[in-house]
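Index from 1, following the sequence.
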Amino acid sequence: MFPYFFAFGALLLVLWLIAVGGAGWKFPTPKLGLDLQGGISMTLEANMPDGSTPDNDRMEQARQIIDDRVNGTGVAEPEIVVQGANNIVVNVAGKDTDPEQLRKVGDPATLRFREVLSQTQAADNPEEVTDPNASGSPSASPGDGSDPSSSSSAGAGDNPTTGETKPPAVSADVEAARKAIAEKVGTELYAQAESLTQPPNDPASMEIFKPFGELSSEEIAALPIGIQYNVPTITCKQLNGRPPGSISATDQQVIACNKPESSKAKNGLAYYVKSKLDVAKVVGEDVSNAGSGPDSQNPGSWMVNMEFTGQGADKWQALTTATVGKQVAIVLDNLVVSDPTIQSVMSSSAQITGNFRATDAKLLAEQLKYGALPIAFKVLTIEEVSPTLGTSQMEGGLLAGFIGVALVIVYCLVYYRLLGLVVIASLAASAALIYPSISLLGKQMGFTLTLAGITGFIVAIGITADSFVVFFERLKDEVKEGRSVRSAVPRAWALARRTIMSANTVSMLAAVVLYFLAIGAVRGFAFTLGLSTIMDIAVVFLFTHPLVAWLSRTRLMGSTRLAGLGASRRRVPGAVRTKES
């Protein structure tokens with residue numbers, strides 16, 4: 001019996017050490033859900049290009065993708081609902097949630113792989129002349145078992161191209177916007193900008209084209225790509241601020257810049273790389289799976305690993321075949337997150353690196369894994385919200401749980417007497433296992449404890465108590481047959497454990513089915529029910545059974561008044577009456 005106690009104590013010690021260590025060597029606390037502690041609420045508004053109202057199917061698809069992104073790392077139980085015709089409301093538990101990370105949940109996440117046709121440099125301050133020898137491109141490497149170089153170069157003369165694709169047809173709205181911009185900056189200056197064949201980098205040009213540096217990002221998005229690329233006063237800050245999806249077309253060449261955090265500072269200025277990119281040959285829909293992990297080539301940074309679909313692998317292989325020795329830009333929404341030089345032909349996988357933080361890499365992986373949003377959204381509001389349950393409701397629910405536990409304890413004490421104390425000790429042991437487990441799950445996978453989850457634990461108390469009842473009733477039957485308590489315990493356990501395992505298996509199957517088929521709070525109920533069932537098995541096998549076996553060696557278990565087992569013993573003819581009876 002002592003090996004069982006030792007195994008239970010070791011399990012308990014390991015769980016508490018990990019939970020306390022994960023909490024910074026403080027007493028661990030579970031992560032409470034939105035209904036118990038409140039959290040952050042973000043309202044997203046659909047941003048249709050023509051100002052129309054999106055249809056219900058696209059809004060529901062967007063809601064589901066956002067739900068998948070938020071839940072991608074665990075049972076967070078957020079509330080994500082469509083509100084009205086244009087809005088999606090995202091409520092996440094915990095007021096310590098990073099608002100910037102929450103904003104990214106609604107990012108379009110359109111992924112495009114494009115050949116780099118040429119690159120030039122742009123400074124964040126258009127009044128300063130850029131240094132043509134400075135480089136600000138991020139480091140990256142595509143994967144598939146190869147070790148490509150992650151270098152990239154800057155300058156208008158690098159990676160020259162010929163055979164530029166025919167410009168797409170311009171809509172009436174875009175044409176009107178361009179005419180308005182021409183009047184704003186001056187028609188002669190606009191015509192001069194259209195005639196540029198490469199970006200000038202002399203101080204005089206910076207002064208001449210200064211009006212373009214005063215345009216908004218929305219106005220920049222309407223300009224031809226030749227002007228976006230060649231006009232030196234159009235900065236990456238303007239380009240990066242273009243509306244989401246403004247460069248998502250796969251059949252058009254586009255202009256894009258690298259991420260702001262991957263720029264390099266020189267003489268007090270942040271320098272960026274402005275890239276002219278070919279049509280997209282591989283897109284996000286070609287990615288079958290994505291995950292994140294530490295970047296072995298850049299300690300402290302994380303990277304995103306991608307696997308392609310069957311057709312996606314063929315497209316990726318064709319692109320890398322055509323661009324060996326050239327750069328391929330990996331473009332996420334409006335930003336170039338990586339532009340590595342392709343060293344060899346690849347097919348089935350790739351890696352995105354670029355000094356990602358762990359949270360950014362995980363979020364990007366979830367965005368790519370669950371797909372791009374069918375609608376572009378803009379953030380209307382982000383604000384704190386109070387618990388969705390009133391204090392009185394929460395206290396009432398917890399009080400009901402305590403009353404239920406108290407009734408179980410009173411019943412066991414009255415009916416089983418000494419064995420009732422075993423029930424209390426076993427329930428305490430189960431609680432000692434469950435508490436650090438939910439604290440650890442909240443820290444590692446974002447599990448949040450809601451009132452539905454607490455309900456799952458309360459229901460599990462009955463399941464756990466039922467395991468004790470099966471064992472104790474079997475023990476009473478053995479004693480009725482005339483056996484001593486000490487000899488009855490192993491026989492009763494051998495028969496009872498099969499029933500206990502069968503009952504727990506049924507409960508576990510029900511919890512699994514509920515978890516995968518249900519949504520929202522019901523999943524939290526199923527999760528806690530399954531967790532409690534697993535803990536019940538551990539407690540019954542490693543604590544309750546050995547404790548009863550140890551007590552059976554004492555005279556207390558044979559006492560009619562304390563245990564009640566002696567009174568139920570059947571008188572066998574010819575049996576010798578012992579002191580124990």
Side-chain angles (χ1 to χ4, degrees), residues 11-41 70-79 91-98 101-102 359 362 384-405 426-464 508 511 514-515 518-539:
L11 176 62
L12 196 63
L13 180 62
V14 169
L15 279 176
W16 275 97
L17 283 177
I18 297 176
V20 172
W25 300 107
K26 299 178 182 178
F27 189 79
T29 55
K31 184 178 180 181
L32 300 180
L34 190 67
D35 55 349
L36 299 181
Q37 70 161 338
I40 303 294
S41 178
V70 176
N71 280 294
T73 57
V75 189
E77 291 190 37
E79 289 183 356
N91 295 325
V92 180
K95 296 181 180 180
D96 57 345
T97 302
D98 185 358
Q101 288 296 317
L102 191 59
T359 52
K362 289 179 180 178
E384 291 186 359
V385 294
S386 59
T388 55
L389 287 177
T391 304
S392 59
Q393 290 176 296
M394 182 176 66
E395 291 177 350
L398 295 177
L399 178 61
F402 285 128
I403 292 175
V405 174
S426 299
L427 290 175
S430 180
L433 286 178
I434 290 175
Y435 186 87
S437 298
I438 60 175
S439 300
L440 185 61
L441 290 172
K443 183 71 175 179
Q444 297 297 323
M445 57 174 285
F447 170 71
T448 56
L449 183 62
T450 63
L451 196 59
I454 294 175
T455 304
F457 285 129
I458 294 174
V459 171
I461 292 174
I463 297 174
T464 303
M508 194 66 197
L514 266 180
Y515 181 80
I519 59 173
V522 181
R523 294 188 75 198
F525 170 82
F527 188 88
T528 55
L529 180 62
L531 178 63
S532 299
T533 303
I534 294 173
M535 295 305 177
D536 170 46
I537 295 173
V539 168

So which atom in [X] and which in [Y] form the shortest heavy-atom distance, rounded to 0.1 Å?
X	Y	answer
A452	T528	O-OG1, 4.4 Å
P436	A431	CD-O, 4.4 Å
K31	G442	CD-O, 4.1 Å
G530	M508	O-SD, 3.6 Å

- Item | Stepwise side-chain contact (heavy atoms from CB on, under 4.5 Å) test for I463 and L529 | CA-CA 9 Å; I463 297 174; L529 180 62; 3.7 Å; yes
Enter the distance from [X]:[atom1] to [Y]:[atom2] here, rounded to the nearest 0.5 Å.
X	Y	atom1	atom2	answer
I438	L32	CD1	CG	8.5 Å
E384	I40	CD	CD1	5.0 Å
F525	T450	CZ	OG1	11.0 Å

- Task: Report the C-alpha distance between F457 and L531 in whole Å, list the side-chain angles of each, state the deciding distance to 0.1 Å, and finish with yes or no for side-chain contact (heavy atoms from CB on, under 4.5 Å).
- Result: CA-CA 9 Å; F457 285 129; L531 178 63; 4.3 Å; yes
Give the table of side-chain donor-acceptor pairs shorter than 3.5 Å for residues 15-28, with sequence neighbours excluded, one pair per line with atom names and distance.
unit_1	atom_1	unit_2	atom_2	d
W16	NE1	A432	O	3.0

- Would a distance-only check, ignoring hydrogens and angles, find a side-chain to backbone donor-acceptor pair under 3.5 Å from S430 to S426?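 Checking the backbone N and O of S426 against the side chain of S430, no donor-acceptor pair under 3.5 Å is found.
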- T464 and V539: side-chain contact (heavy atoms from CB on, under 4.5 Å), yes or no, with the steps? CA-CA 9 Å; T464 303; V539 168; 5.6 Å; no
